[in-house]
Number of protein chains: 2
Amino acid sequence: MGLTKTEAFSEDQNELASLAKALAHPARIAILQHLLKINACICGDLVDVLPLSQPTVSQHLKALKSVGLIKGCIEGTSVSYCIDAARWNLVRERFGTFFDTLVAEQDCSC
Amino acid sequence: MGLTKTEAFSEDQNELASLAKALAHPARIAILQHLLKINACICGDLVDVLPLSQPTVSQHLKALKSVGLIKGCIEGTSVSYCIDAARWNLVRERFGTFFDTLVAEQDCSC
DNA sequence: AAATTCTATCGTAATATTGCGATATTAAAA
DNA sequence: TTTTAATATCGCAATATTACGATAGAATTT
């Protein structure tokens, strides 16, 4: 089918999965890394840095924005994008607690 | 197209993206949560727990196994799945250092 | 006002993912 | 050896994602 049975899973599970999905493309990782490095930049700068066209970069920015990891400030004709620090830290914790669920002894030796 | 330009991004970026992709489905999150809770179980148990058919669960298990987050031990006719603790901790660090890249002051107030 | 600049959206093509029935595979059990 | 049980794989259909050219929209510049 190709349709994820969203309604069959918990809100928690869907939320974490969709956060992961936002990170599930090298271009979006690259965008985030660039923003982390230079704090903020406009879409056009990302188009210069990435091996992708302007519409494609814009599409990836939209995906990151839709989960709240970045935000865009309109500055004249351009849009300055940057990390949303508050949301970023929430997401960091979300993944952190997920990964920290593993208890030390837990391991099937095989 | 629908084809990610993998070769145009760094190995690092592709690796992190593919780890995220493994987590980018609620069923796979649910599988990992279940394994975290009960340490190990066979595929059939997961089929009972999840709202998905056996082939679909098997497919999700394969995806998790391919990135190394879980491993399967053959036990007679069944396969006991569990978290690969060593790999798990590596992935935890991978995401951890990524998220920790954000410097405290960094934020565009808008 | 017209031209320019920058970004978003539309439309489309190609590939990927998801889900499941049917079936193959493998090992234990009868 | 035949049956049973458990899992993996195949094949297919439906939906999602990725990428980009063309174009629309919005604000600045000329």
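Throughout, protein chains are lettered first and strands after them, A, B, ... in sequence-line order, and every chain is numbered starting at 1.
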Go through the N and O atoms of the side chain of Gln54(B) and the base of dA8(D), and report whether any donor-acceptor pair is under 3.5 Å. yes
Let's test your reading of the model: under 3.5 Å, does the base of dC20(D) pair with the side chain of Gln59(A) as donor and acceptor?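 It does, because a donor-acceptor pair links the side chain of Gln59(A) to the base of dC20(D) below 3.5 Å.
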Taking 4.0 Å as the cut-off, does a side-chain nitrogen or oxygen of [X] come that near to OP1 or OP2 on [N]?
X: Tyr81(A); N: dC6(C); result: no
X: Ser58(A); N: dA8(C); result: yes
X: Thr56(B); N: dC20(C); result: yes
X: Thr77(B); N: dT7(D); result: no

Provide, to the nearest angstrom, the distance between the [atom1] atom belonging to [X] and the [atom2] atom belonging to [N].
X: Lys5(B); N: dT15(C); atom1: NZ; atom2: C1'; value: 14 Å
X: Leu61(B); N: dT9(D); atom1: CG; atom2: C1'; value: 14 Å
X: His60(B); N: dT9(D); atom1: NE2; atom2: C1'; value: 15 Å
X: Glu75(A); N: dA27(D); atom1: CD; atom2: P; value: 14 Å
X: Ile42(B); N: dA6(D); atom1: CD1; atom2: P; value: 6 Å
X: Leu52(B); N: dG19(C); atom1: CG; atom2: P; value: 5 Å
X: Glu7(B); N: dT15(C); atom1: CD; atom2: P; value: 13 Å
X: Ile31(A); N: dA19(D); atom1: CD1; atom2: C1'; value: 13 Å

Judged by each residue's nearest nucleotide on DNA chain D, which is more toward the 5′ side, Pro51(A) or Ser80(B)? Ser80(B)
Side-chain touch Cys41(B)/Leu35(B), heavy atoms, less than 4.5 angstrom: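 Heavy-atom side-chain distance check passes, below 4.5 Å.
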Contact between Asn89(B) and Leu102(A) at the side-chain level, heavy atoms closer than 4.5 Å - yes or no? yes
For the pair Asp84(A) and Lys65(A), find out whether any cationic side-chain nitrogen is under 4.0 Å from an anionic carboxylate oxygen.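 The answer is no: the pair does not qualify as a salt bridge.
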Of the candidate nucleotides dT9(C), dT7(C), dG19(C), which contains the atom at the shortest distance from the side chain of Lys62(A)?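 Comparing dT9(C), dT7(C), dG19(C) against the side chain of Lys62(A), the answer is dT9(C).
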Return the nearest nucleotide to the side chain of Lys21(B); candidates are dA19(D), dA8(D), dA16(C). dA16(C)
Decide if atom CD1 of Ile74(A) counts as having more than 12 heavy atoms of other residues, nucleotides or ligands within a radius under 6.0 Å.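 Not buried by this count: 12 neighbours or fewer within 6.0 Å.
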Using the benzene-type ring in the case of Trp, are the ring centres of Phe95(B) and Trp88(B) under 6.0 Å apart? no
